[in-house]
Amino acid sequence: MSVVLSQKPSWPRHGSKSNNALPLEEALKFHQTTRHFDYNATIVLVGSRGSGKRSLAFIGATHLGRRLVTEDQYFQQVTGLSRKDYLSKYGSREFGRQNVEVLQRMLEDNETGSIIECGMSSLARESQNTLRHYAETHPVIHILRNPARIRLLLNLKDSEAARLEQADKSHQSCSNFEYYNLQDSNCECHVEEISQDRQIPNYSFALKDAKQDFSRFLDKITGLGAKQSAYESPFSVDALPPENRPYTYAIPLSLSDLTNGAIDLPQLDSGGDAIELKVDMLTPNILTIVSKEVARIRRTLGIPIIFHIDEILSNDVSAIISLLYHAIRLGVEYLVIPLWLEDNTIREIVHVRGETKIIGQFIDKKAVSWQDQMWISKFERAKQFDCHIVRLLRTALTIEDNTDVQAFASRVAAISTRQPKLIAYNLGPLGKASVIANTIFSPVTHPAIRQKDSRPENFLITAQEAMENLYETGVLDGLKFVTFGRHVNYSLSPMMHETAYAHLGMKGQYYRYTGSSLDELAALSQDPHFGGAGISQPFKVEIMSRCVAHSRHAKAIGASNTITPLRALPDGSADFLLNQANRRGHAGPVCAWFADNTDFLGILACLRRNATPRNVVQPSKTTGLVIGAGGMARASIYAMILLGCRNIFIYNRTLKNAEIVADHFNSWAGALSANGRVVSVLRTRNEPWPAEYQQPTFLVSCVPAHEVEIHSPADFEVPEQWLGSPSGGVALELAYKPLNTPLVRQIRRFRQKTGRAWVMVDGLEFIPAQGFAQFELMTGRRAPRAQMRAAAENNYEKVTGATTDSMV
Ligand SMILES: O=C1C[C@@](O)(C(=O)O)C[C@@H](O)[C@@H]1O
């Protein structure tokens with residue numbers, strides 16, 4: 001590890017001079033806003049020209065279902081003139097005054113339910129005062145971007161660029177969050193310029209990455225993400241924060257290693273439940289470096305960040321405090337606060353933490369025995385500040401220290417049930433057993449790091465090894481899973497799931513079972529080692545009535561593709577669902593099933609990430625088309641409803657089945673649409689597209705890949721007249737044997753002929769997308785996505801006997 005302590009940092013200390021320097025007291029007061037907002041509080045974006053605010057505001061508005069308000073548009077609305085015309089008509093002084101007034105009105109008139117993109121009027125002193133005040137009750141996010149990139153984008157001279165960069169700094173003092181808008185190294189294209197096939201390199205990467213990153217960021221700082229997951233399904237990984245789940249792992253990375261290129265982030269994909277970012281260097285622009293590295297970790301790995309300032313910096317208390325506040329601005333998930341800081345300092349930081357959780361930490365350097373009362377008093381100290389987690393560490397001198405720390409944890413557990421979570425283990429090579437036994441954020445290395453760094457100091461085990469140990473010692477049980485359906489002999493699920501077990505060090509087997517009745521599945525689940533089932537056609541609807549509990553989604557869809565076993569307590573009854581969720585790694589008698597659905601998640605992901613900005617959902621206008629009337633068709637309709645689509649059409653060969661599906665959705669979702677109907681049935685293929693509706697921009701074909709009754713497999717083509725959307729759309733084909741279905745060929749031909757921007761997504765993109773969540777529901781562990789996707793793609797030809805080269 002290299003430590004850089006060469007120069008003093010130059011972060012804005014309280015009251016320091018900048019363009020819009022605040023008086024000290026005011027700055028402190030500003031820092032102390034609590035970052036707790038009404039769930040619907042409007043979110044404001046400020047930042048330099050060229051920082052990408054507009055695109056991000058657009059992404060945020062779509063993601064949260066908010067109104068998008070831009071200052072340009074508001075200016076015109078209020079004054080009746082564009083900015084340019086206003087400036088030439090009234091001159092710059094009056095223009096400046098009007099700008100400020102528009103900004104103030106815009107904030108005032110849109111207190112809730114909006115995402116506001118501020119223009120450059122946010123640089124004016126009066127505007128900044130207003131924003132500062134607004135930030136007491138609303139998230140105000142400062143968007144940053146690499147200055148070189150901005151200069152390039154805006155085609156600026158050096159001096160102009162420097163002025164812009166300098167001016168942008170003043171946004172720090174009127175925002176309570178910061179988001180570093182990374183440029184995608186794969187793609188230089190503008191968000192509008194995306195290509196239309198996943199086979200084409202760079203296909204909409206920029207948009208996909210920014211969409212994912214920024215949406216997650218908003219979920220995090222508003223706290224909406226976590227609440228949503230728990231509400232949706234008790235078995236989803238995000239239903240419980242990692243500290244409430246058994247056996248989670250954190251990979252420590254030092255900032256200096258990250259910045260000097262010693263760590264290749266993409267290689268660290270899966271292998272930990274969190275990244276512990278250790279700040280071990282100070283440079284003049286340390287805050288920007290931190291912002292950028294946090295953004296890189298989020299973009300590349302997408303797992304929570306534990307922000308930790310290395311003890312080697314403990315001499316510079318002022319630097320530590322600035323870094324702690326900065327981490328809260330970045331909305332990191334966990335912040336490690338050294339318990340040796342002064343009481344008031346700790347209290348103030350905890351007060352403004354927003355959704356960031358606090359880990360109070362004490363590291364003993366004097367080898368005090370775990371039996372010493374000192375440890376309990378450290379725990380009590382952290383508790384007094386309302387820390388969520390207390391982390392107590394010391395170096396192991398003997399193997400016995402590991403049993404001592406266990407005994408200490410039991411003593412703490414006996415104090416009371418309502419208290420912070422405890423992380424306690426021994427450092428050093430002798431502490432390994434206590435790291436394995438510890439259940440929250442045990443520090444692990446990653447195989448990719450170990451490969452590069454074989455020094456004896458790097459004694460950490462990998463998450464995979466830690467898990468293997470838990471299975472070997474009988475702490476966790478190997479389980480059996482199955483994909484169950486009438487035509488599952490070419491299912492890719494076994495490969496995807498077993499690859500994931502191996503990657504994570506889990507013991508598990510995933511079988512295919514071709515069955516003709518759900519009674520056969522009931523027999524399979526008599527085995528206490530039964531861990532869950534993927535439900536394939538034609539059982540997705542029927543399985544619902546066999547399950548005693550259902551996720552909110554499965555209920556709304558009326559179909560399930562994933563069931564998990566509910567295990568019996570000694571008296572034969574089922575335990576609470578969240579307890580069941582936390583016992584997923586253990587065998588035991590199965591007394592009932594829980595139904596969930598991940599098909600809709602796969603469909604949602606495919607539609608969402610492939611929709612072009614031109615086809616952003618407008619609830620009153622956007623239309624969707626679903627072909628089929630089975631469980632997949634239901635999941636497709638549900639995904640479209642979640643996207644905001646309120647005019648969905650269904651076509652199925654057997655009309656009656658389409659009517660049943662339409663009735664199901666209209667019975668609970670009809671009220672979402674002005675005419676009381678979200679789903680309408682197209683009776684025949686010869687019908688012209690209903691004239692009062694736009695042609696669909698979302699199309700999902702759920703025609704089975706295998707033969708149904710007398711019909712041949714997936715032989716469906718859409719009447720060309722239904723494809724007339726001028727902006728094209730996303731067409732998702734769920735059948736994947738072969739990939740090159742008649743529909744895929746038709747869309748490709750149509751695209752070539754008309755130049756309409758249809759993005760074709762095939763079944764091989766969908767299968768892993770539904771599989772990730774299924775794996776997570778069944779195991780409670782985060783899915784190793786890249787490995788699962790590769791397993792599906794690499795085994796496709798072997799399993800299905802078809803070829804993958806059908807997409808061009
Ligand atoms: O329909 C399918 C396909 C599948 O059954 C398979 O085995 O590939 C897996 C299910 O989760 C999914 O809903």
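All ligand and atom numbering here is 1-based and tracks the order in the structure. Given the structure is predicted, the values throughout are model-derived calculations rather than measurements. Sequential numbering from 1 along the given sequence is applied to the chain's residues.
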What is the nearest protein non-hydrogen atom to [atom], stated with its residue, atom name and distance?
| atom | answer |
| --- | --- |
| atom 9 (C) of ligand 1 | Ser493 OG, 3.5 Å |
| atom 2 (C) of ligand 1 | Lys540 NZ, 3.6 Å |
| atom 10 (C) of ligand 1 | Gln770 OE1, 3.6 Å |

Test item: side-chain donor near acceptor, Arg677 and Ser680, under 3.5 Å: yes
ring-ring contact (aromatic ring centres under 6.0 Å, His included) between Tyr510 and Phe775, worked out: CA-CA 11 Å; Tyr510 200 113; Phe775 176 86; 9.3 Å; no
When you measure from the centre of the six-membered ring of Phe530, is the NZ or CZ of Lys480 closer than 6.0 Å and no more than 45° off the axis? no
The answer for which part of Phe775 has a heavy atom under 4.0 Å from ligand 1 is neither
Considering only heavy atoms, does Gln537 approach ligand 1 within less than 4.0 Å through its side chain, its backbone, both, or neither? neither
Provide the number and element of each atom of ligand 1 under 4.0 Å from a heavy atom of [X].
| X | result |
| --- | --- |
| Ser536 | 1 (O), 5 (O) |
| Gln774 | 11 (O) |
| Asn561 | 10 (C), 11 (O), 12 (C), 13 (O) |
| Tyr736 | 8 (O) |
| Ser491 | 6 (C), 7 (O), 8 (O) |

Ring centroids only, cut at 6.0 angstrom: are Tyr511 and Phe481 within range, meaning strictly under it? no
Can we call the ring centroids of Phe649 and Trp722 under 6.0 Å apart? no
Polar contacts were defined as any N/O atom of the residue lying under 3.5 Å from an N/O atom of the ligand; does this apply to Thr483 and ligand 1? yes
Would you please classify the geometry between the Tyr638 ring and the Phe600 ring as parallel, tilted or perpendicular, with 30° and 60° separating the classes? perpendicular
Looking only at heavy atoms of Asp599, does any of them come nearer than 4.0 Å to an atom of ligand 1? yes
For Arg512 and ligand 1, answer yes if some heavy atom of the residue is under 4.0 Å from a ligand atom, otherwise no. no
With a sphere of 6.0 Å drawn around CZ of Arg683, does it hold more than 12 non-hydrogen atoms of other residues, nucleotides or ligands? no
Scanning both residues in full, the closest heavy-atom pair of Asn561 with Gln774 reads O-NE2, 3.1 Å
Flag, side chain of Lys211 to backbone of Arg608, donor-acceptor distance under 3.5 Å: yes
